[in-house]
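Order of the sequence lines sets the chain letters (A, B, ...), proteins ahead of strands, with each chain counted from 1.
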Amino acid sequence: MDVSRETLLDLHHRMVRIRTFEEQAGKLQESGKIPGALHLYVGEEAVASGVMAHLSNEDQITSTHRGHGHLVAKGGDFKKMYAELYGRATGYCHGKGGSMHISDLDLGMLGANGIVGAGPPIAIGAAFSNKYRHTQNVTCCFFGDGASNEGTFHEAANMAALYRLPVVFVCENNGFGEFTSQERHQAIHDIAERASGYGMPGVVVDGMDVMAVYEAAGEAIARARRGEGPTLLECKTYRFYDHVGVRGMGVVYRDDSEVVEWRKRDPLPMFEARLAETGVLSPEEALDVHARVLTEVQEAIAFAESSPYPPDEALLQDVYTVAAG
Amino acid sequence: MDVSRETLLDLHHRMVRIRTFEEQAGKLQESGKIPGALHLYVGEEAVASGVMAHLSNEDQITSTHRGHGHLVAKGGDFKKMYAELYGRATGYCHGKGGSMHISDLDLGMLGANGIVGAGPPIAIGAAFSNKYRHTQNVTCCFFGDGASNEGTFHEAANMAALYRLPVVFVCENNGFGEFTSQERHQAIHDIAERASGYGMPGVVVDGMDVMAVYEAAGEAIARARRGEGPTLLECKTYRFYDHVGVRGMGVVYRDDSEVVEWRKRDPLPMFEARLAETGVLSPEEALDVHARVLTEVQEAIAFAESSPYPPDEALLQDVYTVAAG
Amino acid sequence: MTTVEAPAKRELAYVQAINEALTQLMRSDSTVFLAGEDVALYGGVFGTSRGLLKEFGPERVVDTPIAESGLMGLGLGAAATGLRPIIEIMFMDFMGVCMDEVVNQVAKMKYMFGGKATLPLTIQTMAGGGASMAAQHSQSLEAWFCHVPGLKVVMPSGPYEAKGLMVSAVQDDNPVMVVNVKTILGMRAPVPEEMYSIPLGKAHVVRPGTNFTIVATGRMVGESLAAADELAGDGLDVEVIDPRTLQPFDTETVVNSVKKTHRALVAHEAVRFGGIGAEYAAQIQEQAFDYLDAPVGRVGAPFAPVPFSPPLEKLYIPNAARIVAEVRSLLGKAG
Amino acid sequence: MTTVEAPAKRELAYVQAINEALTQLMRSDSTVFLAGEDVALYGGVFGTSRGLLKEFGPERVVDTPIAESGLMGLGLGAAATGLRPIIEIMFMDFMGVCMDEVVNQVAKMKYMFGGKATLPLTIQTMAGGGASMAAQHSQSLEAWFCHVPGLKVVMPSGPYEAKGLMVSAVQDDNPVMVVNVKTILGMRAPVPEEMYSIPLGKAHVVRPGTNFTIVATGRMVGESLAAADELAGDGLDVEVIDPRTLQPFDTETVVNSVKKTHRALVAHEAVRFGGIGAEYAAQIQEQAFDYLDAPVGRVGAPFAPVPFSPPLEKLYIPNAARIVAEVRSLLGKAG
Ligand SMILES: Cc1ncc(C[n+]2csc(CCOP(=O)(O)OP(=O)(O)O)c2C)c(N)n1
Ligand SMILES: Cc1ncc(C[n+]2csc(CCOP(=O)(O)OP(=O)(O)O)c2C)c(N)n1
Ligand SMILES: [Mg+2]
Ligand SMILES: [Mg+2]
C-alpha cells in the first residue's frame, strides 16, 4: 500500500510528540514536580500513532492507565496535558483527574482509566452510539495484554461481534501486566487467537513498526466503517521504562538484556531510518521536528507550572450536572 | 471404547433418576407445593449423567441455577433434595437455600448458584485446592451457553489453563440463555471455539447421547487427573421445558416445532433403545427401573411434606462459623 | 410534560406504570433506548418492557447477552456520546457483577473529567424479598449506591411514584438508579395518563401526623401506613414520609417533621446494620437533637442473608407489625 | 500463639508488620497460601509480601493474572475445600470487579448451604487517599462490606493492629476482609515478635478520657489522638476508641464510654454520607440517648470522588483539624 508523504510525516510527528512528551513527563516526575503515578508510553509510540492517524475527532477511543500516548496521538494539547499532570486548574480535567484520568471528549478521547479492563465496555457503548446515530464513526479500544484476562474484555468483545459494532480492539501487548510477564499470566502467545472465539477476525502486527500498525489498523477501521463489525488487532510492543515511572533496568521481573534487545527495535529511530532511506525526511529534518516539538513541550511545561491550582470551591463542583437555570 | 454393562446400567439409572425427580418437581411446583423458581433439567440428563459417572465424592462440581440434575447425578439424596425444595428443616440446606442453592459438600457438590457465571471461579478454586493438596481429584464446572458470555468464565478459563488446573469446563449448550437463543447472544456456533484462546483443548459433543458425553468427559477428566490441565467440553443439548417451571410450548421465544424436533432425540428413550438392541436392558427391565425410582421419589416427597419447617431460631444461625467452645 | 401531584382517576398496576413511563419516554425522545437481558423479545422477566420491541424496534429495545459489565459499559459509552440509555439490571442482587462500571466509571467519569462529561444514564433494577427467591435474588442494596458520590438513587413506593420517578430519572442529566420493588409490582393506584415527573430530591408526606414521624422507603411505605392506622389506636398521630429519592436525601422535610413530632423511626427492607436508615437516623439526631424526646428508631432486616424457606423469609422481612412494635418500644424509651 | 496487649520494645513499620504476620502464618499452617497480582515475584506493589516467594515457593505464593473475579473465586473454592487462603485485592477500589464473588458467593455460601460450608478466607486490601492517586485508587469502601451479613471487616490503625488483626483474620473460620491504609504503611510502632492475635469484635480504648468520646477508624485514629491533644487545651478530656473490627462492631465498649462522657463523634476517612459512621452514630443515640448532652457528630470525606490535585485532595481528606472543629461545634450545640 502506498502511503502519501504527508501521512508518513504525520505518523513521524505523532511519534515524536509522544516520545518527547513522555520523556519530559518522566523527568518531571522524578524531580518530584508531578505528583501521583505516571505510566509512560515510551517504546509503544508506533501503536497509538499508527491507529490514530486513521481517526477524526468524531471517532472515539478508550484508553488505559497508560494513556498519555493515546491522547497525544489523538491530538491532545500539550499545555492542557501537562497542566493536568501537575493537577492545575488549566488542565484537561481541571486537575481533578491527573495522569490516570486524562481525557478530552471533544477529541473523542473517552479517558485514561485507572481500572484495568474498564475500557472495552465503554468502547462498545460509544460504538453502539455511533451505529444508533447512523454515523460512520469508529471507536478504537486500547487495552493491554494484562487487561485481556479481565472479564470485561470478554463481555465487550462478545457483544461487539454479536451486534457487529464499529469498534476495533487494539491490544497493546507489551509482554507484561505490571511485573508479570505474558507467559506468567496467560497460556497463549497470540492474544489475537481469542478473536475467533467471539466471531471476529484477529490480526497480529509488529507494534514497533508504525507502517505495519498503520496498515493493519487502516483495514480494521475501514471494515468497521463499512459496518462489517469489530476486529481484534494485537500489536506486539514493549515498554522501555518501568511499569510506573522511569526506571526500567535492573528490575527483578525482566532482564536488562531483554530491554536492550527491544530497544534495538525502537520504533522511532527505525522509522526515521526508513524515512531517510526513502528520502522522505533527512536526519537533519528529523532533528528539526524533534527540536520544534521539544520547544512546544517546554512552553507547555512552563504554562503548566505557571498555572494556578483549582480553587477550593472546585472540590464539590462537577460531581453532578446541574440543570441549567 | 467398550463400556461395561454396570456402567451402562449406571448411566441409565442416573438419567432415570434425574428425569423422574424433575418431572415430579415440576408437577409439585405447578400445584403450588414448591415455592420459588424451579429451573428444570429435563432433556439435558445425558450431560450430567455422562460426566458424573466418572467422578467420586472427592471430585467436586460447581453447578448452576439449573442444578437439580447435577446433584442427582452426583448421588444426591432424594429426601434431602425434595425437603430443600419444600424449604423444610430436613433439606440439604435446612431450607435456607432452596432450588437455586441446593448443595452437598460431602458429595463434592459445591452448590447450585443463583448467579449466572458464578461457578467457574469457584471451580478453579476447588481445582487449585486439589492440586495444592496433591490429590488426583478433578473439578467439573457446569455452565450454560448464556453463562459463556460472562466475564467470570473468561477469567477462570484463563487461570485454569495458565496453572494447568485439574478442571473440566462442561458447557451445557441448550441453545438459550433464558429466552434469548444462542444466535441472539453470541456470534459463534461452537462455544468450544473459545478454548484455543485460553490454550486448552475444546471438544464438541452430542449432549443428547449419553455415551458420547461419557466418552468425551472420560478423556477430559483423565487428562485433568494426569495433570495435563483443563478442557472445555461443549455438550449440545436442549431444555424441553420453559426456562423457569414446566410450560415450554407455545412460547414467544422458540417454535414448538423446534421442541418437537429435539424431543425426537430425547436422551433417555434413545439410550434405552440402544440398551435394548444390545441386550443390556430390555424395555420391561427399563420400566422396572423407572418404577423403582418413582417409588423412591414418592417416598422422598412424602418425607419432605411431613418434614417440619426450620424453627425461628434458624433465621440467625449459620451466618457465621462460631468458634468451637 | 408537567408535574402532577394530585392523583388522577385511572388506576394502573406498578408494573404497568413503569411500562407506560418507558413507552412515553421513548416516544418523546429518540435518543432514549432500553437495553438489558430479555427486555425486548420477552418484554422483561417482570413484564416492565412488554410491547416496547413491537413499537420501537430492535435498535431501541435491545436484548443483550448475559454480560452485565458489558451492558453497563454500553450504557455509559452511549450516554457519554449523546444518547439517553436505560440499562436494566434484572435483579438488584446482580449489581455485584457490574459494580465497577457503576461505581468507578459511571459515577465518577464526570468529576474525573473536570465536569466535561454529561451522563444521562438510567439504571433500572428490581429489589426486595418475599418471593421465595433466596439470598441472591431478594436483596435491597440501595445503601451501597447512596454512599457513592455521582449517583442519584430513587425507590418508588407505588405506581404513581414508579411512573413519575422513572420519567424524572430518564430526563435527568445524571446517572440515576431506579430501584423498583418486585413484591409490589401488582399494587394498583391512580396514575395520570400524561407523562409527568416527580421532582428528584423531594420527599413526600404520605400521611400527615403530629406526634410521630416514620420515614419509610419502597415497600415499607405501605407497611408504615398500616402501622400508622394501628398506632392511631394508641392515640398516636403518625406522620409517614416517603423520601422517594434516597440520594440526594430531602433532609429538610424530614427534620422539619421531627421538630414537630419529636419522635422518629426509619423503616426499610434492607439489612438494618449499615442500611440507609443509619444515615437518616444520624442526620435526624444531628439536626433535631434538641427536639427529640426519644432516640431515632430503625426497622430493617436482621443481620442474615435472605433465607429461602417461606416461614423464615416471612420472619426476615420487616412489616407493619414490627414497625408498630418498634414505635411502641421507642415510646417506652421516651425521655 | 498468645494474645498480647502490652506493646513490646521492637518497632516495625506497618508494612513490615503485615509482612511478618503473613510469614508467621504461613510457617505455622501449611494450608495458608497467598494469591494476588504481583504478590510473589515482585513481593506486592506495597511490599507487604516481600520475601514470601523465596521462603514458601510458587505453590503457596501465587501471582495471578489481572482477573479479580477469578482470583476471589479461587479463594472461595479453595477455602470451601480445606485451605486457608489469603486473597489480595491490590486496591480496595478494585472490589467492584469482584463484588459478586465477595458479596453473593463468599459471604452467603455458608448460610445458603444451611451451615455446611466453613470458609476460612482472608481478603486483604489497601484503602485510603492522600497519595495523589485520584478517584479510582483512593477510596475507603468498608461501609459496603459491613452491610453484608457473612463478612467480618477489620481496619488496622497501626503496625501493632496490622499484625495482630491479620493473624486473627487468617485464623478465623469466616471470611474476613482486612482493610489496610496505604498512607500509614510507613508508620512505626512497637510490635511483638511472636505471632499474636487481636480478638475480633473488641474495640480498643486508645486514649482514656472522661468527657468526650471519639470513635475513629484506620488513619483517623492517629488524627483523633492529635485532635485530643489539641482539645485538651480547651479543658476537654477526650477518650479515643479504635473499633479495630468494624464488623462485628463492639457496641458495648463504645456505648459505655459515651454513657460516661455524654458526648461522641465518629471519624473515618470514607465519604461521610452512608459511611460506617452513620451506623455507629445511630447505635450510640439508640443505646445512650438519655446520656447524650449533644448530638453524635460525624467526620468523613465530603460528597465527592477523591480529586487528584494535591491541594484539593488535602482539602478532601479528614484530619485532626476537622475533628477538632467538629468537636468544638458539637460543644456549641450541647443542650
Ligand atoms: C481492576 C484492576 N486490577 C489491577 C489494577 C492494577 N494495575 C494497574 S496497571 C496493571 C497492569 C496492566 O497491564 P496491561 O493491561 O498489560 O497494561 P500495561 O501496563 O502493560 O500497559 C495493573 C495490574 C488495576 N488498576 N485495576
Ligand atoms: C449475573 C446474572 N445475570 C442474570 C441472571 C438471570 N438469569 C438466570 S438464568 C439465566 C439464563 C442462563 O442461561 P444459560 O447459562 O444458558 O443456562 P440455562 O438456563 O440455559 O441452563 C439468566 C439470564 C442471573 N441469575 N445472574
Ligand atoms: Mg502489558
Ligand atoms: Mg442455556
Side-chain angles (χ1 to χ4, degrees), chain A residues 34-37 65 84-89 91 93-102 112-118 144-154 176-182 184-187 243-244 251-254 308-320, chain D residues 36-45 47 50-51 53-54 58 62-73 90-91 93-101 129-139 182 271 273 301-317:
Chain A
I34 292 179
H65 55 286
E84 190 56 36
L85 300 193
Y86 273 82
R88 305 303 169 99
C93 309
H94 305 323
K96 284 176 174 171
S99 168
M100 273 197 285
H101 305 294
I102 197 160
N113 208 306
I115 301 297
V116 169
D145 51 298
S148 73
N149 298 324
E150 284 278 14
T152 48
F153 162 69
H154 178 74
F176 294 88
E178 255 183 20
F179 313 104
T180 301
S181 60
Q182 188 192 355
R184 295 184 62 244
H185 71 61
Q186 52 192 198
H243 169 64
V244 181
V251 292
V252 57
Y253 63 90
R254 67 184 188 185
Y309 282 107
D312 290 359
E313 318 84 72
L315 181 65
L316 297 179
Q317 288 164 356
D318 292 327
V319 179
Y320 295 95
Chain D
E37 293 157 15
D38 294 308
V39 297
L41 180 60
Y42 198 75
V45 297
R50 203 151 289 163
L53 175 64
K54 190 163 184 305
V62 184
D63 278 329
T64 69
I66 310 167
E68 290 77 8
S69 292
L71 169 57
M72 193 58 65
M90 199 181 294
F91 284 76
D93 309 69
F94 308 161
M95 287 295 167
V97 293
C98 55
M99 194 70 176
D100 183 73
E101 284 68 33
S132 300
M133 297 204 73
Q136 295 173 340
H137 286 71
S138 309
Q139 296 171 85
K182 65 175 80 72
V271 166
F273 191 106
F303 204 65
V306 183
F308 165 72
S309 187
L312 288 185
E313 189 180 27
K314 199 160 178 312
L315 201 63
Y316 181 90
I317 297 174

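Note that CG of A:L315 is 13.0 Å distant from NZ of D:K314, once rounded to the nearest 0.5 Å. Here CG of D:L315 is found 8.0 Å from CG of A:L316. Values are rounded to the nearest 0.5 Å. Note that the NE2 atom of A:H65 and the CD atom of D:Q136 stand 12.0 Å from one another [nearest 0.5 Å]. Rounding to the nearest 0.5 Å places CZ of A:F179 at 6.0 Å from CG of D:D38. With values rounded to the nearest 0.5 angstrom, D:I66 atom CD1 is found 10.5 Å from A:T152 atom OG1. Between the CZ atom of D:F308 and the CG atom of A:L85 there is a distance of 7.0 Å, given to the nearest 0.5 Å.
The choice from A:E178, A:H185, A:E84 that makes the most heavy-atom pairs within less than 4.5 Å of chain D is A:E178. In terms of non-hydrogen atom pairs under 4.5 Å with chain D, the most contact-rich of A:G177, A:G91, A:G87, A:A147 is A:G87.
The shortest distance between side-chain heavy atoms of D:L41 and A:R184 falls below 4.5 Å.
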Residues A:K96, D:L312; criterion side-chain contact (heavy atoms from CB on, under 4.5 Å); working and verdict: CA-CA 8 Å; A:K96 284 176 174 171; D:L312 288 185; 4.1 Å; yes
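Contacts of D:A131 with chain A are made by backbone atoms alone, with heavy-atom separations under 4.5 Å and no side-chain atom involved. Of the atoms belonging to A:D318, not a single heavy atom falls under 4.5 Å from chain D. There is no contact between D:F91 and chain A, counting heavy-atom distances below 4.5 Å. Within the 4.5 angstrom heavy-atom criterion, no atom of D:E313 approaches chain A.
In terms of the side-chain hydrogen bond (donor to acceptor under 3.5 Å, both in side chains) criterion, D:S138 has no residue partners (sequence neighbours excluded). Every side-chain contact (heavy atoms from CB on, under 4.5 Å) that A:R254 has, sequence neighbours left out, goes to A:F176, A:Y238, A:R239, A:V251, A:E258, A:V259.
When all heavy atoms are compared, the tightest approach of A:H101 to D:A134 is CD2-CB, 3.6 Å. Contact detail for D:S309 and A:P310: the closest heavy-atom pair is OG-CD, 3.3 Å. Closest approach of A:M100 and D:M133 over heavy atoms only: CE-O, 3.6 Å.
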